[in-house]
Protein chains: 2
Amino acid sequence: MTLRQDIHSSGIPVLCLPCEARRRGVCGALEPDDLAQLAKTSSRHNIEPGVELIGDAEAVDCYSNVLSGVVKLTKSLSDGRQQIVGLQFAPDFLGRPFKIKSVINAEAATAVSLCSFPRAAIERMMKQSPEFVHRLLKQALNELDEAREWMVTLGRKTAPEKVASFLLMIARNIDSNVDPAARSACFELPMTRADISDFLGITNETVSRQLTSLRMDGVIRIENNRRVTVDSMSRLERRCGGRGATAVE
Amino acid sequence: MTLRQDIHSSGIPVLCLPCEARRRGVCGALEPDDLAQLAKTSSRHNIEPGVELIGDAEAVDCYSNVLSGVVKLTKSLSDGRQQIVGLQFAPDFLGRPFKIKSVINAEAATAVSLCSFPRAAIERMMKQSPEFVHRLLKQALNELDEAREWMVTLGRKTAPEKVASFLLMIARNIDSNVDPAARSACFELPMTRADISDFLGITNETVSRQLTSLRMDGVIRIENNRRVTVDSMSRLERRCGGRGATAVE
DNA sequence: CGACAAATTGATTCAAATCAAACGTAGTGG
DNA sequence: CCACTACGTTTGATTTGAATCAATTTGTCG
C-alpha cells in the first residue's frame with residue numbers, strides 16, 4: 001500500500017507527502033522535481049515560544065513555511081511602543097523576498113515548527129518556477145488584504161469591538177473544533193493579554209476588562225486564562241462593529 | 001532625431017515611450033512585443049476628484065496604472081465609519097488580481113489620469129510573462145510594507161505624531177520641489193482634512209488642531225488650506241514619534 | 001456678491017490610559 | 001510538601017487625550 005503510493009507520487013519527497021504546505025502553501029505550486037530539489041536544502045526546526053525568528057534590520061538568510069503554531073510579526077518605535085502587524089499560521093510562508101534586510105521582527109508566539117530553506121534556494125526556485133512566484137503573489141495579496149482589514153480595526157473600532165474582532169479572527173484561524181457551520185468554537189489563545197493589546201493598539205488592562213465584559217455577558221467562557229469557548233459565533237460577530245474587518249470573504 | 005529614436009525603441013508603442021509606468025511601474029517588466037500587445041487594449045482616462053473608481057463588493061473588470069494624481073483606497077463599516085487603507089501615487093498599479101470582487105473602495109482623491117486595461121489582457125500577460133508577475137509581487141510586497149507601517153501609526157502613535165507622519169509621507173511622495181537632500185519641501189495636500197482624519201483614524205477637528213499646532217510652532221506654513229511648506233524636514237521628522245513608520249528604507 | 005462647503009476654534013464629555021493594588025497560577029528550591 | 005518568588009491577570013481609582021457638540025470663520029465658485 002505504501003509502496004503503491006510511492007509509485008503514484010513518484011518523485012515527491014517522503015517528508016513533503018503529508019505536509020500542509022504542499023496542500024495549501026507555496027509548495028503546492030511546485031512540480032515533483034522542483035519540490036525534490038527544494039527539499040534537499042530544507043531543514044525542520046522546532047521553536048520555543050518567545051524565540052525571535054527574524055530580527056529587525058537583520059539580514060534575512062532563510063525563508064520558512066510555518067508548519068504549526070503561530071508567529072507574530074511586530075514593529076516597534078524607538079521609545080518601546082510596539083505594534084503587532086501580522087500573525088502567521090500554518091501553512092503561511094515566512095520571509096520577505098527582494099529585501100535584504102527585514103523591516104519587521106518575527107517571533108514565535110506559541111511553540112512553532114518550521115520548514116526552512118536557504119535564501120539562495122528560494123531565489124533559484126523563483127527564477128525557475130513562474131508558478132511559484134504566482135503563489136507567492138497570491139499569499140502577499142492575501143496578507144495585504146488582512147493588513148488592511150486590521151487597519152480598519154485599529155483606526156475606527158472601539159476597544160470592545162477590537163477585542164471581539166480579535167477573538168473572531170483567532171477562532172477562524174485556530175479552529176481546533178469548529179464545525180464548518182461554525183455555530184460555536186473552542187480554542188487556546190496563542191498569546192498573552194499583553195500581546196493581544198499590542199495587536200489591537202490598546203493596553204493589556206483594557207483587553208482584560210473587555211474579556212471579562214464578554215464573559216459576564218455570556219458571549220464567551222474562559223478556562224485557565226487561555227482556553228476560550230464561544231457558544232454562539234453570531235453573537236460574537238455582532239460585537240465586532242459593522243461588517244468590514246470581519247466580513248466573510 | 002525622433003526617427004532614430006523610433007528605430008532604437010523598435011516595437012515600443014509611442015504612447016508608452018514617455019510613460020512613467022514603463023520606467024518604474026509594472027510595464028517595465030515587459031518586452032517590447034508584450035508591451036505592444038498590452039498597449040493595443042489600453043485606454044487612457046482623466047478622472048475628476050471624488051469619482052469612485054472601484055466600488056466595494058463590485059466586480060473588477062479592469063486594471064489600471066496611475067499616471068498622475070492620487071487615488072485613495074478605503075474600507076467602511078456598515079454604520080458609516082470609514083478608514084483609508086492606502087494611497088496610490090504614480091506609477092502604482094491599481095486593482096486586485098485573483099479576486100473577482102473588490103473588498104475595498106477606490107476613489108480619486110485629486111484629479112487622476114489612468115491607463116486602463118481589460119481584465120482579460122492583464123490575466124493573459126500574467127500567464128505569458130513571468131517577469132510581469134514578478135513585478136506585481138514586488139509592488140504587492142511594497143504595499144504590504146506600507147500598510148504595516150501605517151498599522152504602527154494607527155495603533156501606537158498619538159494624534160500629533162499621526163499628523164506629522166502623514167505630512168512626512170505626503171512630502172516624500174508628492175515631492176513637487178524637494179531636493180534629494182530633502183532639507184525642505186513644499187507640496188499641495190492631495191485631500192481634505194476629513195480625508196486625512198479617515199486616514200489617521202482621528203476626527204477632522206483633531207487634524208485641524210494638530211496642523212495649527214505645527215504651524216504655531218513654526219514647523220510648517222500653510223497657504224490656502226492646501227499648500228504646505230516644510231522648512232526643515234528633520235524638524236518634522238522629530239515630531240513623528242520614534243523611528244518606525246517613518247524610517248528611511 | 002451671496003451661498004455653500006471646508007476649516008478653525010472653543011467648551012464639554014467620555015473612553016481608554018495611567019497609576020496602583022491585589023489575585024491567581026506556575027515553577028523553584030528548601 | 002509547602003513556602004517563596006515571579007509573572008501574568010484582574011480589578012479599582014483617577015487622569016487625560018481625543019471625541020463630541022456647537023459656533024464662527026475662511027475659502028471657493030457660480
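The analysis underlying the following values was restricted to heavy atoms, covering all of them including side chains, and did not include hydrogens, waters or symmetry mates. Every chain is numbered from 1, with letters handed out A, B, ... down the list of sequences.
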A:K162, A:Q210, A:E161 screened by side chain to side chain contact (heavy atoms under 4.5 Å, CB included) with A:L200, the one that passes: A:K162
Rounding to an integer number of Å, can you tell me how far B:E223 CD sits from C:dA7 C1'? 16 Å
Rounded distance [0.5 Å steps], CG in B:D231 versus CD1 in B:I220: 10.5 Å
Regarding the side chain of A:T212, the nearest nucleotide among D:dA18, D:dT9, D:dT11 is D:dT11
Classify A:I202 by what it touches in the nucleic acid, base, sugar-phosphate, or nothing, heavy-atom distance under 4.0 Å. sugar-phosphate
Atom CG of A:L200 and atom C1' of C:dA17 are separated, to the nearest Å, by 15 Å
What's the separation between atom CZ in A:R96 and atom OH in A:Y63, rounded to the nearest 0.5 Å? 8.5 Å
What pair of heavy atoms forms the shortest contact from A:V70 to A:L87, and how long is it? CG1-CD2, 4.2 Å
Considering only C:dA16, C:dG10, D:dT28, which nucleotide approaches the side chain of B:N224 most closely? D:dT28
Looking at CD1 of B:I47 and OG of B:S64, how far apart are the two atoms once the value is rounded to the nearest 0.5 Å? 8.0 Å
Assess the residue pair A:I170 and A:N173 against the criterion (side chain to side chain contact (heavy atoms under 4.5 Å, CB included)); give the C-alpha distance rounded to whole Å, side-chain angles, the decisive distance to 0.1 Å, and a yes or no. CA-CA 5 Å; A:I170 293 296; A:N173 277 289; 5.8 Å; no
Hey, which of A:R239, A:K157, A:E237 is the one that makes side-chain hydrogen bond (donor to acceptor under 3.5 Å, both in side chains) with A:S165? A:K157
For DNA chain D, whose closest nucleotide is more 5', that of A:R215 or that of A:R156? A:R215
From C-beta outward on B:N225, which listed nucleotide comes closest to its side chain: D:dT28, C:dA7, C:dT9? C:dA7
Is it the case that the base of D:dG17 and the side chain of B:R209 share a donor-acceptor contact (distance under 3.5 Å, atom types as modelled)? no
Nearest whole Å is fine: how far is D:dT9 C1' from A:R227 CZ? 19 Å
Atom-pair distance (CG on A:L211; P on D:dT9), nearest Å: 10 Å
Rounded to the Å, how far apart are A:M191 CE and D:dG8 P? 14 Å
Overall bend - the helix from C:dC1-D:dG30 to C:dG30-D:dC1, comparing terminal axes fitted on five pairs, nearest 10 degrees: 30°
So among B:I84, B:V85, B:T74, which one has a side chain to side chain contact (heavy atoms under 4.5 Å, CB included) with A:V152? B:V85
On DNA chain C, nearest-nucleotide positions of A:G201 versus B:R226: which is more 5'? B:R226
Calculate the interatomic distance between B:N204 atom CG and D:dA19 atom P; express it in whole Å. 10 Å
Touch check for A:S208, heavy atoms < 4.0 angstrom, all strands: base, sugar-phosphate only, or nothing? base
Send over the distance from A:D195 CG to D:dC7 P, rounded to a whole Å. 15 Å
D:dG8 OP1/OP2 closer than 4.0 Å to side-chain N/O of A:R193: no
Any idea which of D:dA22, D:dA18, D:dT9 is nearest the B:E205 side chain? D:dA22
Output the rounded distance in Å from CE (B:M216) to C1' (C:dT8). 10 Å
At under 4.0 Å between heavy atoms, what does A:T206 touch on the DNA or RNA strands: base, sugar-phosphate, or nothing? sugar-phosphate
